[in-house]
Number of protein chains: 2
Amino acid sequence: MCTMAATTPQPGLRERKKIKTRTEIRRATYALIAEQGYDATTVEQIAEAAEVSPSTVFRYFPTKEDIVLTDEYDPLLARELRARPAGEPVLESLRYVIAAGVRMANADESDADEMRQRTALMVSVPALRSRMMESMSVSAHMICEILAERCGRESGDLEIRAYTMAVMGALHETTVYWAEHGHQDDLVELVDRTLNTLRDGLPV
Amino acid sequence: MCTMAATTPQPGLRERKKIKTRTEIRRATYALIAEQGYDATTVEQIAEAAEVSPSTVFRYFPTKEDIVLTDEYDPLLARELRARPAGEPVLESLRYVIAAGVRMANADESDADEMRQRTALMVSVPALRSRMMESMSVSAHMICEILAERCGRESGDLEIRAYTMAVMGALHETTVYWAEHGHQDDLVELVDRTLNTLRDGLPV
DNA sequence: TGTCTTATGACAGTAACTCTCAAAAGATTG
DNA sequence: CAATCTTTTGAGAGTTACTGTCATAAGACA
């Protein structure tokens, strides 16, 4: 039972188990929350459902909120954004990149489901909403660096930071709007309207 | 600061005591945090320093975070904003109102101190930052209603909501910037630059 | 003064974490 | 294959933010 992993970048059994445990905890969490709601779901229950100890749950996720909120789209978004032509207006780059991201999430049915559940939770659980905003500011930081590069400025520039946070805030509100309206609208279209408003200002 | 009890022209002893307790809890909290930091300060210590029971602390403030974050500027801001002429561009109204608010806070030295301490905490304690963002979205909701009124739209309009959150996000980032740079810049000037960026877009 | 209402403190309980330590499981080497 | 080393896990004890209840104290009012 000896697999040589020296030359091939094949992940060892340990790594594979870790990934399995991680996804299992998340799966169990989403299932329990769908049944009982967020607050009524304890970490102990999650641990039991995922067949690990509570200690292990906290070893994989620093807080209960993080089990729900972990979001791996950032690196993807960064790559796409860097790939956009330098001359393109910032808002148009973002428009393109976000549309691509949403379409990709929609392509996989379970991804789309999870996104809907997550945004719905964001609306109903205040603690999750504020954590989501926090993670939004993390994404904003990353975008700042890309934009600063493109504009030939410091990434710490007030103008860059403020503008980026403005965009992120608007997009966050857009997804909240989407969730509040039962995910009936087309998210890409909503994002389009939002970015238009940012570009043109509020019509008086 | 001012009580809502408009029915009784004279605040009874009970009301006065309540206000005193509330401010005392806040004062004790800020003092302890300045000494030991936010996390190291327990509600029990706060209660002891304020000479009340822990139960009472939680009766006045739903969470420890709220002791720090309670922010009574919203109603003031709303009043000022409604007073702006209807024809004025939205960003200019906000510019005026925010400048007035900042100048008012600067007028009182202890208010200014508290604002500096609060924003500094916002930078150093993640939990507080995200809660602050949450309260930002509450303010945004209020501003939405005023703007909707002025623009003759529904306050639930996507465009209004997204635009308002954009502005709030940018302003939040501006105060974070201010705190990160040791409160050395003039906040009014920073806000001006931010609002200009929102108006003109990012200079390429 | 007596009664009615509201604020308070004591206490018990829950649940999200944190820390520590020994045992189990995977990786590695002779 | 066995022995050893490293990483992951679970168990358990402890902290703290918060919740709910109830008797008592303090202010309001007649």
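Throughout, protein chains are lettered first and strands after them, A, B, ... in sequence-line order, and every chain is numbered starting at 1. Here the structure is a predicted model, which is why all the values come from computation and not from measurement.
- Across all their heavy atoms, A/Met165 and A/Ala140 have their closest contact at SD-CB, 3.7 Å.
- Computed from coordinates, the B/Lys20 NZ to C/dA7 P distance equals 17 Å when rounded to whole Å.
- Side-chain contact between A/Trp178 and A/Val191: absent, with no pair of heavy atoms (C-beta onward) separated by less than 4.5 Å.
- The environment of CD in B/Glu44 is sparse: at most 12 heavy-atom neighbours from other residues, nucleotides or ligands sit within 6.0 Å.
- The CG-C1' distance, from A/Leu13 to C/dA24, rounds to 13 Å in whole Å.
- When the P atom of C/dT18 is taken as reference, atom CZ of A/Phe58 falls 7 Å away, rounded to whole Å.
- B/Tyr60 has no side-chain polar atom (N or O) that falls below the 4.0 Å cut-off from OP1 or OP2 of C/dA7.
- Both B/Arg14 and A/Arg59 lie close to DNA chain D; mapped to their nearest nucleotides by heavy-atom distance, the more 5′-ward contact belongs to A/Arg59.
- Side-chain atoms of B/Thr23 come within 3.5 Å of backbone N or O of B/Ile19 as a donor-acceptor pair.
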>> Determine whether B/Thr70 and B/Arg22 satisfy the following criterion, side-chain contact (heavy atoms from CB on, under 4.5 Å), listing intermediate values before the conclusion.
In response: CA-CA 11 Å; B/Thr70 313; B/Arg22 195 181 171 81; 3.5 Å; yes
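- Whole-Å rounding puts the B/Lys18 NZ to D/dA26 P distance at 17 Å.
- Remark: A/Glu145 does not engage A/Arg82 in a salt bridge, criterion side-chain N to carboxylate O under 4.0 Å.
- Judged by distance alone with a 3.5 Å cut-off, no donor-acceptor contact links the side chain of A/Arg16 to the base of C/dG26.
- Between A/Lys17 and C/dG26 there is a side-chain N or O to OP1 or OP2 distance below 4.0 Å.
- Of all the heavy atoms in A/Tyr30 and A/Val68, the pair that sits closest is OH-O, 2.9 Å.
- Note that CZ of A/Arg129 is 4.5 Å distant from CD of B/Glu134, once rounded to the nearest 0.5 Å.
- Scanning residues 42-57 of chain B for heavy-atom distances under 4.0 Å to DNA chain D yields B/Thr42, B/Val43.
- Taken residue by residue, residues 21-40 of chain B places no heavy atom nearer than 4.0 Å to DNA chain D.
- Side-chain atoms of B/Lys64 lie closest to D/dC18 of the nucleotides D/dC18, D/dT21, C/dC17.
- A/Phe61 places its CZ atom 15 Å from the P atom of C/dT18, with the value rounded to the nearest Å.
- A salt bridge does not link A/Arg84 to A/Glu149: none of the charged side-chain nitrogens sits closer than 4.0 Å to a carboxylate oxygen.
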